[in-house]
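Given the structure is predicted, the values throughout are model-derived calculations rather than measurements. We use all heavy atoms of the structure for the numbers below, so side chains are in, but hydrogens, waters and symmetry mates are not.
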Amino acid sequence: LAKTSRASSPKTRNGKTWTEARFEGFITSALRAAFRRWQPKYTCLREAYSETKVNPKSGRLAKHYTCKKCKEDFTQVNVQVDHKTPIGPCSTWDEFVEKLFCEADNLQVLCKPCHKKKTKKENKKNED
């Protein structure tokens, strides 16, 4: 899971058409896709549910969820389930899987702007 230089990375995976970085990206993406079906994620969403009301953009009824950070209500398409304890960086696949598939008490619903700010702050901290 350690990042490798793309310029000098030999292609050793998938019939020698993928670098290690490409392979790691593929596996990471597949695991994150599986997380979309992880039950604790839906438990977290259920706990953040506020009410069903008219969506001002569409004029239709839509479930709304409360952002843990700003406390405002948003439709499901405008919220994301965030890991309170950041997932990365990880040194092994076991560590990545353990952090990704956590229980609901380590998850929170954030609106997209709040999630973006939190992620940016975490990424900056990891660079230091």
Taken to the nearest 0.5 Å, the spacing of Thr119 OG1 from Lys124 NZ works out to 15.0 Å
Is the count of non-hydrogen atoms from other residues, nucleotides or ligands lying under 6.0 Å from Lys63 atom NZ greater than 12? no
How many angstroms lie between atom CZ of Phe74 and atom OG of Ser50, to the nearest 0.5 angstrom? 10.5 Å
Other residues, nucleotides and ligands only: do more than 12 of their heavy atoms fall within 6.0 Å of OH on Tyr42? yes
For the student: nearest non-hydrogen atoms of Thr19 and Arg13, plus distance: O-CG, 4.5 Å
Does the plane of the ring in Phe101 sit parallel, tilted or perpendicular to the ring in Trp38? Use 30° and 60° as the thresholds. perpendicular
Taking every non-hydrogen atom, the tightest pair across Leu110 and Lys118: CD1-CD, 3.8 Å
For the pair Asp73 and Lys53, find out whether any cationic side-chain nitrogen is under 4.0 Å from an anionic carboxylate oxygen. yes
Stepwise side-chain contact (heavy atoms from CB on, under 4.5 Å) test for Asp82 and Lys69: CA-CA 11 Å; Asp82 171 65; Lys69 181 82 172 158; over 6 Å; no
Any side-chain heavy-atom pair of Leu61 and Asn55 under 4.5 Å: no
Whether Tyr65 and Tyr49 hold their rings parallel, tilted or perpendicular, with breakpoints at 30° and 60°: perpendicular
Please name the pair of heavy atoms, one in Lys84 and one in Leu107, separated by the smallest distance, quoted to 0.1 Å. CE-O, 3.5 Å
Are Lys68 and Val109 side-chain neighbours, meaning at least one heavy-atom pair lies under 4.5 Å? no
Any donor and acceptor pair, going by atom type alone, linking the side chain of Lys99 with main-chain N or O of Gly88 inside 3.5 Å? no
Closest heavy-atom contact between Leu31 and Leu100? O-CD2, 3.6 Å
Mark yes or no for whether Lys112, through its side chain, and Val77, through its backbone, hold a donor-acceptor pair below 3.5 Å. yes
For the backbone of Val79 and the side chain of His115, can you confirm whether one donor and one acceptor N or O come within less than 3.5 Å of each other? no
Hey, quick one: are Trp93 and Phe35 part of the same hydrophobic cluster, counting side-chain heavy atoms closer than 4.5 Å, chains of contacts allowed? yes
Write down the atom of Cys67, the atom of Cys111, and the distance for their closest heavy-atom approach. SG-N, 3.3 Å
If you draw a 6.0 Å radius around CD in Glu98, do more than 12 non-hydrogen atoms from other residues or ligands fall strictly inside? no
Would you give the length of the straight line joining atom OG1 of Thr12 to atom CZ of Arg22, rounded to the nearest 0.5 angstrom? 13.0 Å
When rounded to the nearest 0.5 Å, the distance separating NE2 of His64 from CD of Glu51 is 7.5 Å
